[in-house]
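To start, the structure under review is shown below, and the notes come after it.
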Amino acid sequence: QVQLVESGGGLVQPGGSLRLSCAASGSIFRINSMGWYRQAPGKQRELVATITSGGSTNYADSVKGRFTASGDFLKNTLYLGMNSLNPEDTAVYYCNVWAARSSLARSAAYWGQGTQVTVSS
């Protein structure tokens with residue numbers, strides 16, 4: 001099995017910072033890309049940031065310039081640095097990994113259980 005565990009969430013005041021981590025473990029042959037999604041109360045889940053094994057990153061317009069995604073593909077670990085947080089960033093943040101479990105298998109999507117980020121005074 002492939003397991004993803006997010007950590008680093010918590011309560012922070014507006015303007016503060018947090019750093020989220022996602023550790024992938026299990027039967028992983030290759031990770032092609034990793035990303036972060038979030039779901040705020042009463043809203044649809046949305047893409048926050050993605051990063052490929054080639055180093056390409058993509059961010060939602062709402063977080064550009066504030067969030068930084070990085071990944072250590074050799075260690076199967078994903079990070080999300082978050083600065084200048086505001087209440088609109090309050091959500092459950094989910095780690096997503098596209099990984100192949102063998103040399104012949106196609107990549108499949110795997111999800112963590114989420115970590116809560118609350119931005120409030």
Notebook entry, point to check: Atom OG of S21 and atom CG of D72: how far apart are they, to the nearest 0.5 Å?
Noted result: 11.0 Å
Check: So do C22 and W36 actually touch side chain to side chain, heavy atoms under 4.5 Å?
Finding: yes
Note to self: Can you tell me if Q116 has over 12 outside heavy atoms packed within less than 6.0 Å of its CD?
What the structure shows: yes
Notebook entry, point to check: When rounded to the nearest 0.5 angstrom, what distance separates CZ in F29 from OG in S102?
Noted result: 7.5 Å
Next item on the list: Search all heavy atoms of S107 against all heavy atoms of A100 and return the closest pair with its distance.
Entry: OG-N, 3.9 Å
Checklist line | OH-CD1 distance between Y79 and I51, expressed to the nearest 0.5 angstrom | finding: 11.5 Å
Next item on the list: Answer whether the closest heavy-atom distance between the side chains of L80 and V48 falls below 4.5 Å.
Entry: yes
Notebook entry, point to check: Quick one: do L4 and I31 end up in the same hydrophobic cluster if we chain Ile, Leu, Val, Met, Phe, Trp and Tyr together by side-chain heavy atoms under 4.5 Å apart?
Noted result: yes
Check: Would a distance-only check, ignoring hydrogens and angles, find a side-chain to backbone donor-acceptor pair under 3.5 Å from T115 to G9?
Finding: yes
Notebook entry, point to check: Any link between W111 and V92 through a network of hydrophobic side chains (Ile, Leu, Val, Met, Phe, Trp, Tyr) touching at under 4.5 Å?
Noted result: yes
Check: Looking at CD of Q13 and OG of S120, how far apart are the two atoms once the value is rounded to the nearest 0.5 Å?
Finding: 8.5 Å
Next item on the list: Verify the cluster assignment for Y37 and M82: are they in a single hydrophobic cluster under the rule of side-chain heavy atoms below 4.5 Å apart?
Entry: no
Item checked: Y93 versus E6, closest heavy-atom pair with distance -> O-OE2, 4.0 Å
Note to self: Are the side chains of W98 and M34 in contact, using a 4.5 Å heavy-atom criterion?
What the structure shows: no
Check: If you look at every heavy atom in V119 and T90, which pair is closest and at what distance?
Finding: N-OG1, 2.9 Å
Next item on the list: Can you tell me which residue pairs pass the ring pair (Phe, Tyr, Trp, His ring centres under 6.0 Å) test with a partner in residues 49-78, sequence neighbours excluded?
Entry: none
Check: Linking I/L/V/M/F/W/Y whenever any side-chain heavy atoms sit under 4.5 Å apart, do L47 and V97 land together?
Finding: no
Note to self: Are L78 and V63 connected into the same hydrophobic cluster when the rule is that any two of I, L, V, M, F, W, Y join if their side-chain heavy atoms are below 4.5 Å apart?
What the structure shows: yes
Note to self: Measuring only between side-chain heavy atoms, which start at C-beta, is P14 closer than 4.5 Å to S121?
What the structure shows: yes
Notebook entry, point to check: Would a distance-only check, ignoring hydrogens and angles, find a side-chain to backbone donor-acceptor pair under 3.5 Å from T77 to K75?
Noted result: yes
Check: Taking side chain as C-beta onward, heavy atoms only, is T52 less than 4.5 Å from N32?
Finding: no
Check: Atom CD1 in I28, atom CG in N76: separation rounded to 0.5 Å?
Finding: 4.5 Å
Notebook entry, point to check: Among pairs that include at least one residue of residues 79-92, which meet salt bridge (Lys or Arg N to Asp or Glu O under 4.0 Å), considering only residues two or more places apart or in two chains?
Noted result: R38-D89, K43-E88, R66-D89
Notebook entry, point to check: Is there a side-chain contact between V117 and L18 (heavy atoms, below 4.5 Å)?
Noted result: yes
Next item on the list: Using a 4.5 Å cut-off on heavy atoms from C-beta on, say whether the side chain of T50 contacts that of N96.
Entry: no
Next item on the list: Supply the atom-to-atom distance S25 OG to Q1 CD, rounded to the nearest 0.5 angstrom.
Entry: 10.0 Å
